[in-house]
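Numbers restart at 1 for each chain; the letters A, B, ... are given by sequence-line order, proteins then strands. What you see is a predicted model; the values in this text were computed from it and never measured. In what follows, every heavy atom counts, from backbone to side chain, and hydrogens, waters and symmetry copies are set aside.
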There are 2 protein chains.
Amino acid sequence: MDLIQIYQCFCDRTRLRILHLLTRSPLCVCHFQQILGEPQVKVSKHLAYLRGRGMVSTKKERNWVVYSLPERRADELERNLRCLQDCVQTDAVFRRDIQKLSKLAKNCCEPCGLFRRGLNGRRTSAKTKGSVHLRS
Amino acid sequence: MDLIQIYQCFCDRTRLRILHLLTRSPLCVCHFQQILGEPQVKVSKHLAYLRGRGMVSTKKERNWVVYSLPERRADELERNLRCLQDCVQTDAVFRRDIQKLSKLAKNCCEPCGLFRRGLNGRRTSAKTKGSVHLRS
DNA sequence: TGCCTATATGCCTAAACAGGTATATAGATT
DNA sequence: AATCTATATACCTGTTTAGGCATATAGGCA
């Protein structure tokens with residue numbers, strides 16, 4: 001809620017990447033693992049950090065926890081997220097994150113309904129091998 | 001130079017107030033003391049922090065050290081400073097800081113040339129009592 | 001029941017940080 | 001030379017943080 005807290009959340013690269021991704025789409029923990037290439041603990045802790053400061057909200061979706069930006073956001077958060085988007089437009093890491101996100105949106109079959117396109121309404125459980133619920 | 005470093009600099013209230021003031025005018029340490037109402041050490045340390053990260057630059061002016069935003073700033077810094085200004089527009093503390101700055105700009109006789117108006121070119125040393133170079 | 005998958009948390013360590021007290025330095029003034 | 005003013009720095013303390021390892025929880029599934 002506080003401007004300082006916003007900057008505190010913004011001042012770690014992993015959290016910044018998480019927030020940047022969330023400006024595009026709600027995501028569950030293993031999506032972040034996948035995209036960021038960081039271990040589960042690390043991701044989970046940063047998400048907890050953000051959650052503790054009201055910077056993200058969660059909802060349970062089957063066995064997954066889906067993180068998103070809070071629907072009603074403080075004006076300062078909104079502004080800073082926009083500023084962030086402007087700032088990282090040309091940054092290699094952040095761009096790749098978005099690319100990976102698009103790929104994920106095409107290949108991921110769970111949790112259902114997260115990504116609007118490319119899913120064809122499939123909601124059978126993901127029976128593919130591998131740690132994440134991806135089709136091959 | 002780094003976006004993360006910018007946010008690190010932004011995530012302390014004192015530093016945020018300092019940077020916000022600097023978007024208006026270059027200032028010396030005792031100006032900050034005066035406006036922020038914080039002890040000299042505290043101000044000095046935060047300025048050192050900012051200096052160490054290239055967020056401000058300094059020049060010696062007689063017996064004072066004048067801090068300012070670097071003339072050539074990274075795009076991200078510029079953007080974020082603007083965003084900051086937007087965010088704090090209605091914030092009581094930040095507004096008061098600016099008010100105090102205007103008052104200072106009228107009453108301060110040293111260091112010369114910092115404030116363009118209200119000085120009448122006086123550059124005699126400040127012989128008034130009190131810790132700071134203010135007229136009464 | 002026992003395993004698997006997704007996620008969270010407790011404990012640990014090393015580093016950074018914020019603020020305080022005391023002191024140093026440097027230039028100007030008396 | 002002694003003092004004053006402006007500023008910086010060293011040292012100390014308590015707090016926060018980041019990351020790692022191990023473990024907990026909880027819901028599905030064999």
Taking only the side-chain nitrogens and oxygens of His46(A), find out if one of them lies under 4.0 Å from OP1 or OP2 of dG19(D). yes
Phe32(A) CZ to dA6(C) C1': how many Å, rounded? 14 Å
Phosphate-side-chain proximity, Tyr67(B) and dA6(D), N/O vs OP1/OP2 below 4.0 Å: no
Between dT7(C) atom P and Lys42(A) atom NZ, what is the distance in whole Å? 18 Å
Could you check whether any side-chain heavy atom of Leu3(B) comes within less than 4.5 Å of a side-chain heavy atom of Phe10(A), counting everything from C-beta outward? no
Any idea which of dG19(C), dA28(C), dA8(C) is nearest the Asn63(B) side chain? dA28(C)
Which whole-number value in Å describes the distance from Gln34(B) CD to dT7(D) C1'? 16 Å
Measure CZ/Arg62(A) against P/dG28(D) and give the value in whole Å, please. 9 Å
Give me, pair by pair, the N or O atoms of the protein and of nucleotides 9-11 of chain D that are less than 3.5 Å apart, along with how far apart they are.
none

Identify, with sequence neighbours excluded, every residue that meets ring-ring contact (aromatic ring centres under 6.0 Å, His included) alongside Tyr67(A). none
Of the candidate nucleotides dT7(C), dT7(D), dG19(D), which contains the atom at the shortest distance from the side chain of Trp64(B)? dT7(D)
Just the rounded figure in Å: distance from P of dT7(C) to CD of Glu38(A). 16 Å
Can you name the closest pair of heavy atoms from Asp97(B) and Leu21(B) and give their distance? O-CD2, 3.7 Å
Are any side-chain N or O atoms of Arg17(A) and backbone N or O atoms of Thr14(A), one a donor and one an acceptor, separated by less than 3.5 Å? no
Please determine if a side-chain N or O atom of His31(B) lies less than 4.0 Å away from the OP1 or OP2 oxygen of dA6(D). no
Here the distance between atom P of dT7(C) and atom CD of Glu61(A), to the nearest Å, is 11 Å
Atom pairs under 3.5 Å: protein N/O with N/O of nucleotides 15-17 of chain C:
{"from": "dC17(C)", "atom 1": "OP1", "to": "Tyr49(B)", "atom 2": "OH", "distance (Å)": "3.0"}
{"from": "dC17(C)", "atom 1": "OP2", "to": "Arg53(B)", "atom 2": "NH2", "distance (Å)": "3.3"}

With heavy-atom distances below 4.5 Å as the criterion, would you say the side chains of Glu78(B) and Arg82(B) are in contact? yes
Please give, in whole Å, the distance from dT7(C) P to Lys59(A) NZ? 13 Å
Taking side-chain hydrogen bond (donor to acceptor under 3.5 Å, both in side chains) as the definition, give me every residue that meets it alongside Lys100(B), ordered by chain and number, with sequence neighbours left out. none
Once side-chain hydrogen bond (donor to acceptor under 3.5 Å, both in side chains) is applied, do any residues pair with Thr58(A), and if so which ones, sequence neighbours excluded? none
How many whole angstroms separate atom CD1 of Ile4(B) from atom C1' of dA18(D)? 13 Å
Tell me, which pairs form a ring pair (Phe, Tyr, Trp, His ring centres under 6.0 Å) where one or both residues lie in residues 32-53 of chain B, sequence neighbours left out? none
Look at Arg96(B) together with Asp91(B) and state whether they make a salt bridge at an N to O cut-off of under 4.0 Å. no
